[in-house]
Amino acid sequence: MGNKQTVFTHEQLEAYQDCTFFTRKEIMRLFYRYQDLAPQLVPLDYTTCPDVKVPYELIGSMPELKDNPFRQRIAQVFSEDGDGHMTLDNFLDMFSVMSEMAPRDLKAYYAFKIYDFNDDDYICAWDLEQTVTKLTRGELSAEEVSLVCEKVLDEADGDHDGRLSLEDFRNMILRAPDFLSTFHIRI
Amino acid sequence: MAQPLAFILDVPETPGDQGSQEPSPYDESEVHDSFHQLIQEQSQWAAQEGLELQQREQEATGSGQQTLRRPEGTQSTATLRILASMPSRTIGRSRGAIISQYYSRTVQLRRRSSRPLLGNFVLSARPSLRLYDLELDPTAREEEGEWASEPQSQADTGLRWGAGGQRGRGVVLGWQGGALEDGQDLPLPLAEKQSLLVKELQSLAVAQRDHMLRGMPLSLAEKRSLREKSRTPRGKWRGQQGSGGVCSCCGRLRYACVLALHSLGLALLSGLQALTPWRYALKRIGGQFGSSVLSYFLFLKTLLAFNALLQLLLVAFIVGPQVAFPPALPGPAPICTGLELLTGAGCFTHTVMFYGHYSNATLNQPCGSPLDGSQCTPRAGGLPYNMPLAYLYTVGAGFFITCITLVYSMAHSFGESYRVGSTSGIHAITVFCSWDYKVTQKRASRLQQDNIRTRLKELLAEWQLRQSPRSVCGRLRQAAALGLAWLLCLGTALGCAVAIHVFSEFLIQSPEAAGQEAALLVLPLVVGLLNLGAPYLCRVLAALEPHDSPVLEVYVAICRNLILKLAILGTLCYHWLGRRVAVLQDQCWEDFVGQELYRFLVMDFVLMLLDTLFGELVWRIISEKKLKRRRKPEFDIARNVLELIYGQTLTWLGVLFSPLLPAVQIIKLLLVFYVKKTSLLANCQAPRRPWLASHMSTIFLTLLCFPAFLGAAIFLCYAVWQVKPSSTCGPFRTLDSMYEAGRVWVRYLEAAGPRVSWLPWVHRYLVENTFFVFLVSALLLAVIYLNIQVVRGQRRVICLLKEQISNEGEDKIFLINKLHSIYERKEREERSRVGTTKETAAPPTLLTDERDD
């Protein structure tokens with residue numbers, strides 16, 4: 001792993017630094033992590049901005065994501081086309097949002113997207129059921145799941161329209177002091 | 001059917017116009033009213049058939065809250081579509097929306113316009129929320145109008161629909177088509193908005209711009225392009241300036257300085273982050289055990305930082321100067337045997353480790369006139385260094401800084417964990433916020449899933465239990481069990497305190513035992529064993545009593561352990577300052593107390609090691625080999641944290657008597673970190689009870705501040721003000737109390753001349769005069785009171801806003817239900833009409849067809 005200047009130009013690194021919550025060192029570390037996922041696919045020279053995507057199968061096998069029940073959603077949300085295949089930009093974006101420095105609003109926005117399984121910009125009862133099933137490995141009975149969903153909607157749905165909008169979700173997140181520390185992946 | 005025509009009056013024709021024309025709140029409320037009127041009239045019209053009446057009765061009998069009636073399948077597609085394109089409180093769903101939202105945010109940042117007065121909120125005036133929206137953030141609203149569809153266009157539709165009378169449905173669909181087109185031609189305004197945003201970004205400061213850019217929920221590529229765009233003109237501007245060459249070069253110099261400072265700051269920051277110790281270890285612990293266990297280790301790190309800060313001060317101002325100017329030793333140094341590492345006595349006694357070694361003179365003046373000059377006023381020929389003053393003020397400053405940092409971090413974590421206006425929402429929080437994304441191990445993630453499942457089940461059970469309250473008899477029995485357990489625990493604490501008191505009295509009474517080195521270790525050993533054993537007893541008691549919620553159980557356990565530790569430490573403090581001082585009159589009692597605290601610290605560490613070895617390692621082996629159980633022992637966070645707090649209290653108590661005690665504590669904490677980490681990874685499993693990690697760290701900090709730090713501060717204040725220092729050793733040997741050092745110095749300064757006369761003045765009026773203290777505390781109380789009032793006001797506003805949101809939602813649902821019922825009725829009518837003419841057609845297709853005519 002030679003000199004860092006051979007991977008990125010100075011301007012590129014600066015741009016990455018300004019657009020993510022990472023320092024130069026962390027960006028390099030993340031790049032090598034990314035490169036390690038598919039050494040034959042990712043070149044060691046990014047000065048020409050090559051158009052490379054690492055397939056979801058490799059992204060999902062990272063130790064940080066491997067055991068996460070929402071790994072597929074995470075990859076879909078952060079990938080450009082929603083198929084889970086990620087460019088380096090997407091990869092940096094993902095870990096930037098999951099980093100310690102990211103503000104609550106940003107995290108809440110992406111968490112909302114992750115839990116919105118059918119991409120309709122609302123978390124409806126169906127999305128909630130998916131979430132609960134994934135959280136509990138499907139070991140709650142159907143009526144327990146629906147009861148939980150009902151209670152969640154009851155608590156978090158501010159305007160009583162039967163589904164959670166982003167604003168409802170943000171409001172709910174505000175009341176969860178742990179959210180910032182749990183929605184965080186250490187790199 | 002002629003009446004509804006009146007409502008078409010002040011409504012714009014096409015929904016597309018809405019964005020450009022901002023409706024005044026007055027208009028809006030009028031539309032609101034007229035819409036309502038329309039519906040009422042329609043209802044009256046419908047009431048002739050008795051349909052509406054029934055519905056009203058239904059509504060009247062139902063609870064106050066309306067819900068969207070959803071007869072599955074019967075809701076027509078048109079209504080569903082209205083529902084789907086209803087404006088919601090969601091802003092920022094699409095890229096364009098995000099961009100314009102941030103545009104308005106930058107505008108706000110620049111203008112810093114004042115918010116409307118809180119008094120403007122009136123409960124009854126529902127559109128006022130809209131008004132608020134409008135004033136605060138016009139672009140977001142404008143955007144919302146373009147993107148989703150204006151609320152007014154909705155009203156508009158209703159109106160035109162009403163106006164259209166019989167052929168109203170066609171208009172509804174026509175409007176929807178318009179809305180769809182609206183959605184489709186989005187890219188054009190997007191580009192405009194983007195350029196607007198770029199302009200706004202350019203006008204912000206560099207740091208602010210970067211901050212805002214980072215926080216945008218856009219993809220990295222877009223952020224980069226935004227950054228490029230918002231950057232180039234600045235470069236151009238610089239270039240122009242260079243070519244013009246007339247502008248002041250100091251502006252450029254300043255710019256360069258700012259840039260250099262910025263990059264220096266960045267470099268420092270990255271250097272600091274590289275220094276962050278234990279990154280990998282913490283990641284591993286978090287990955288395997290989750291946030292709750294991680295909070296213990298983070299707390300340990302915080303303690304390390306506190307100790308390092310304190311030690312740095314002490315070394316710089318007390319230990320360092322003393323080492324540089326060593327006093328003549330009273331005799332030959334005793335030979336070290338090795339037991340001294342445990343007792344701190346013997347050859348350690350006359351070192352910088354303890355109070356007795358420090359001199360009571362000005363250090364770097366060989367002429368040695370006592371109390372000459374001060375620590376802060378340099379004179380020709382060197383800096384006279386007054387050791388007693390330095391000793392007193394450094395310890396004081398160390399405590400003050402620690403206090404400020406503690407209170408600050410406590411306030412910070414309070415703000416994090418108890419947000420303004422927080423109410424219950426435990427199910428939602430459990431579902432959405434309990435998954436720990438840090439977890440990286442299969443086993444840990446399974447465990448977490450199990451935890452969440454049990455938690456959800458418990459919550460449901462609790463909810464069901466609340467539906468059916470417990471009987472009086474059961475409650476009585478529970479109260480009796482609780483009372484008994486508390487009594488026993490308090491009795492244990494009292495018993496421990498009495499035992500320690502009796503034992504220490506016995507040690508004082510039998511001087512022949514005190515002669516031996518090893519005998520010094522007896523008291524620390526006894527206290528340590530009590531400290532270790534009593535919590536186990538409390539745990540057994542806690543297992544016997546019934547508790548409603550697991551969180552309460554944890555708090556009760558912490559509270560009991562705390563009472564025990566407080567009782568023990570209180571007894572010991574009395575023993576040292578009340579009894580030992582009197583007994584050791586001709587010797588150096590400060591040295592003795594310092595050594596005693598050192599022994600306690602060391603013994604605490606040794607017992608902790610033994611506890612880890614037997615409580616965790618051996619217990620795991622027994623339970624795995626003999627009992628054939630798959631479960632490992634749980635890591636008891638509460639007990640471990642309390643042990644840390646106990647050790648820290650000992651350190652703070654001893655700082656005055658042994659300035660190097662924080663260093664000992666640092667070494668101890670480092671060792672504890674590695675021992676606990678190894679033991680945890682090998683022997684333990686995460687607690688089955690879910691812990692709220694942030695609440696926990698807040699509580700840890702609070703406990704560290706209130707009983708621990710405050711107690712130590714009181715102890716030291718008493719020692720400084722009231723207790724006479726021993727006359728044979730230490731920097732205060734000639735004085736009546738340690739505080740006298742300050743007073744003597746001030747008197748000296750008064751005599752020194754008018755040049756420094758302001759210092760005694762400051763001392764007399766600010767330190768000695770009680771009025772100033774009263775003033776400061778009154779100010780402090782006023783600030784606290786104001787803060788409380790502000791928070792209360794914010795709470796009220798939040799409640800009002802919430803109510804308005806829910807009212808609005810109810811309005812929405814009410815309107816939809818009305819629309820739906822009227823629509824349904826029409827359909828039925830149509831069908832019956834069609835039925836009479838023997839024609840059949842599916843309603844939705846009929847509708848779309850009708851749109852054309």
Side-chain angles (χ1 to χ4, degrees), chain A residues 15 17-21 23-25 63-64 66-70 80 89-90 92-93 98 103 105-106 109-111 115 121 128 131-132 135-137 139-140 144 147-148 151-152 155-156 158-162 165-169 172-186, chain B residues 65 67-68 88-93 210 213-215 217 219-221 223-224 227 269-270 273-274 282-283 286 291 416-419 422-425 427-429 431-442 445 449 452-453 456-457 460 692-695 802 805-806 808-810 812-813:
Chain A
Q17 253 176 313
D18 281 356
C19 297
T20 63
F21 294 96
T23 60
R24 195 164 289 230
K25 215 177 141 194
E64 278 82 4
K66 196 169 73 305
D67 295 303
N68 195 324
F70 302 107
E80 249 154 55
D89 281 7
N90 302 148
L92 283 177
D93 219 15
M98 298 306 241
D105 258 7
L106 189 66
Y109 176 82
Y110 280 103
Y115 295 128
D121 295 319
L128 264 173
T131 311
V132 173
L135 271 179
T136 57
R137 237 185 307 139
E139 288 179 16
L140 281 185
E144 277 171 327
L147 202 57
V148 168
K151 300 237 59 149
V152 170
E155 284 167 359
D159 51 5
H160 299 296
D161 63 350
S165 63
L166 179 58
E167 288 302 304
D168 289 332
F169 190 76
M172 193 265 305
I173 290 291
L174 273 186
R175 282 181 256 141
D178 266 342
F179 175 71
L180 278 188
S181 68
T182 54
F183 199 72
H184 168 208
I185 297 180
R186 271 170 203 268
Chain B
Q65 205 175 55
T67 47
L68 197 55
S88 156
R89 311 206 62 76
T90 304
I91 309 169
R93 278 179 286 163
D210 283 352
L213 207 59
R214 274 185 206 143
S219 77
L220 194 58
K223 277 190 209 171
R224 256 167 43 200
R227 176 178 172 274
L269 210 68
S270 64
Q273 278 193 342
L282 289 179
K283 176 181 171 172
S291 295
E416 279 297 306
S417 61
Y418 302 97
R419 290 263 155 189
S422 67
T423 47
S424 65
H427 290 85
I429 287 167
V431 168
F432 288 121
C433 307
S434 61
W435 183 262
D436 206 335
Y437 282 73
K438 283 198 275 296
V439 164
T440 58
Q441 272 206 347
K442 186 152 197 75
S445 104
Q449 281 170 333
I452 292 172
R453 198 190 57 228
L456 284 175
K457 276 193 172 167
L460 287 182
L692 293 173
S694 66
H695 277 276
K802 252 186 208 152
I805 288 173
S806 80
E808 221 172 65
E810 270 170 38
K812 204 159 85 179
I813 286 164

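Just the heavy atoms: all of them, side chains too, but no hydrogens, waters or symmetry mates, feed the values below. Chain identifiers are assigned alphabetically (A, B, ...) following the order of the sequence lines, protein sequences preceding nucleic acid strands; residue numbering begins at 1 within each chain.
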- prompt: Between A/Leu135 and B/Val431, what is the shortest heavy-atom contact and its length?
  reply: CD1-O, 3.0 Å
- line: Looking only at A/Asn90, A/Val152, A/Leu92, A/Asp105, most heavy-atom pairs under 4.5 Å shared with chain B are made by A/Val152
message: Do B/Val439 and A/Asp67 have side chains that approach each other closer than 4.5 Å (heavy atoms only, starting at C-beta)?
response: no
message: Would A/Cys19 and B/Leu213 count as a side chain to side chain contact (heavy atoms under 4.5 Å, CB included) here? Give the steps.
response: CA-CA 6 Å; A/Cys19 297; B/Leu213 207 59; 4.2 Å; yes
- prompt: Nearest 0.5 Å, what's the CD1-CD distance between B/Ile429 and A/Glu155?
  reply: 8.0 Å
task: Inspect the contact between B/Arg224 and A/Asp89 and indicate whether a charged nitrogen and a carboxylate oxygen are less than 4.0 angstrom apart.
output: yes
query: Does B/Arg453 offer a backbone N or O that forms a donor-acceptor pair with the side chain of A/Glu139 under 3.5 Å?
result: no
- prompt: Where is the tightest heavy-atom contact between B/Gly215 and A/Pro103, given as atom of each residue plus distance?
  reply: CA-CG, 4.3 Å
- request: State the CG-NZ distance between B/Leu456 and A/Lys151, to the nearest 0.5 angstrom.
  value: 12.0 Å
Expected output: side-chain B/Arg214 to main-chain A/Thr20 donor-acceptor under 3.5 Å: yes
task: Determine, step by step, whether B/Leu282 and A/Arg186 satisfy the side chain to side chain contact (heavy atoms under 4.5 Å, CB included) criterion, reporting the C-alpha distance in whole Å, the side-chain angles of both residues, the deciding distance to 0.1 Å, and the verdict.
output: CA-CA 9 Å; B/Leu282 289 179; A/Arg186 271 170 203 268; 4.2 Å; yes
field: Main-chain N/O of A/Pro63 paired with B/Thr440 side-chain donor or acceptor, under 3.5 Å
entry: no
- prompt: For A/Ala15, is it the side chain, the backbone, both or neither that has a heavy atom under 4.5 Å from a heavy atom of chain B?
  reply: both
message: Using a 3.5 Å distance criterion without hydrogens, assess whether the side chain of B/Lys457 forms a donor-acceptor pair with backbone atoms of A/Glu144.
response: no
- prompt: So, do B/Tyr437 and A/His184 sit near enough that their side-chain heavy atoms are less than 4.5 Å apart?
  reply: no
message: Closer than 3.5 angstrom, by distance alone: can the side chain of B/Gln449 be matched with the main-chain N or O of A/Thr136 as a donor-acceptor pair?
response: no
field: Option in B/Pro217, B/Cys433, B/Gly286, B/Ser219 with maximal non-hydrogen atom pairs under 4.5 Å from chain A
entry: B/Pro217
- prompt: With distance as the sole test, does A/Tyr115 use its side chain to make a donor-acceptor pair with the main-chain N or O of B/Phe432 at under 3.5 Å?
  reply: yes
